[in-house]
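For this chain, numbers begin at 1 and follow the sequence in order.
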Amino acid sequence: LVTIPPPALPNVELARWMKVKKLRQKLHKLCAKAGQRVPLLAFERWQFNCKLHEAECSEVESVSPAPPSLSWDPLLPAEDDWVDEGLINDLVRGNLNHQTAETIVKQLSSSSAKYATEIASLHLSALAARSQEQNKQKKQNLLAKQPPGNDGNKG
């Protein structure tokens with residue numbers, strides 16, 4: 001079974017990019033508050049590990065067909081209950097204690113899941129608006145093709 005992803009919408013992609021940027025800033029702020037700089041490429045590793053985990057989980061769940069989650073996103077990790085040990089280890093290597101590192105990762109994951117849901121909602125709204133506009137255009141095209149004096153009513 002192959003599913004075709006929904007079409008890309010510029011306003012949604014811009015919003016997604018802004019949410020990813022906001023997440024990266026959140027990680028920097030949380031680490032700065034804890035007195036540490038973010039290790040090089042830690043955000044990207046976290047993002048990749050989370051998306052890999054989601055893909056592995058969806059492969060296991062695909063044994064029984066179920067609709068995809070509304071919060072699934074190609075860039076934003078959408079699981080707020082999974083904690084990436086890789087990012088915790090990165091932060092601990094940078095001299096944070098394990099508990100503080102875990103708290104930071106949980107906060108980051110929670111924000112990311114929230115953002116993924118917001119983007120999914122925005123995408124659905126944008127697709128609905130696009131569909132309405134296409135239907136309106138089709139209707140106008142059909143009316144434009146009717147012969148003069150024919151309003152489409154019988155009688």
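Closest approach of R37 and C31 over heavy atoms only: C-CB, 4.4 Å. For E102 against V83, the heavy-atom pair with the smallest separation is CG-CG1, 4.3 Å. Of all non-hydrogen atoms in P39 and D90, the two that sit nearest each other are CG-O, 3.5 Å.
With rounding to the nearest 0.5 Å, the separation of CG in L91 from CG in L27 is 6.5 Å. For the atom pair CG of L75 and CZ of R16, the computed distance is 6.0 Å after rounding to the nearest 0.5 Å. Atoms OG1 and CD1, on T103 and I88 in that order, are 9.0 Å from each other to the nearest 0.5 Å. Taking CG of N49 as the start and CG of D84 as the end, the distance is 4.5 Å to the nearest 0.5 Å. Atoms CD and CG, on Q47 and L52 in that order, are 12.5 Å from each other to the nearest 0.5 Å. Rounding to the nearest 0.5 Å gives a distance of 11.5 Å between CG of D73 and NZ of K19.
The neighbour count for N11 CG, taken as heavy atoms of other residues, nucleotides or ligands under 6.0 Å away, is above 12. In this structure, E44 places its CD atom where more than 12 heavy-atom neighbours from other residues, nucleotides or ligands lie under 6.0 Å away.
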List, one per line, each side-chain donor-acceptor pair under 3.5 Å for residues 105-115, sequence neighbours excluded.
{"unit_1": "S109", "atom_1": "OG", "unit_2": "V105", "atom_2": "O", "d": "3.1"}
{"unit_1": "S111", "atom_1": "OG", "unit_2": "K26", "atom_2": "NZ", "d": "3.3"}
{"unit_1": "S111", "atom_1": "OG", "unit_2": "Q107", "atom_2": "O", "d": "3.2"}
{"unit_1": "S112", "atom_1": "OG", "unit_2": "P77", "atom_2": "O", "d": "2.6"}

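Here the side chain of R45 pairs a donor or acceptor atom with the backbone of L40 at under 3.5 angstrom. A donor-acceptor contact shorter than 3.5 Å links the side chain of S125 to the backbone of S121. Panel note: side chain E54, backbone A78; a donor-acceptor pair is recorded below 3.5 Å.
Cluster membership check: I104 does not share its hydrophobic cluster with W82, using side-chain heavy-atom separations under 4.5 Å among Ile, Leu, Val, Met, Phe, Trp and Tyr.
Proximity of L127 to L9: side-chain heavy atoms (C-beta onward) are separated by under 4.5 Å at one or more points. The shortest side-chain heavy-atom distance between F43 and V20 falls under the 4.5 Å cut-off. W46 is not listed as a side-chain neighbour of V38, based on a closest heavy-atom distance of 4.5 Å or more.
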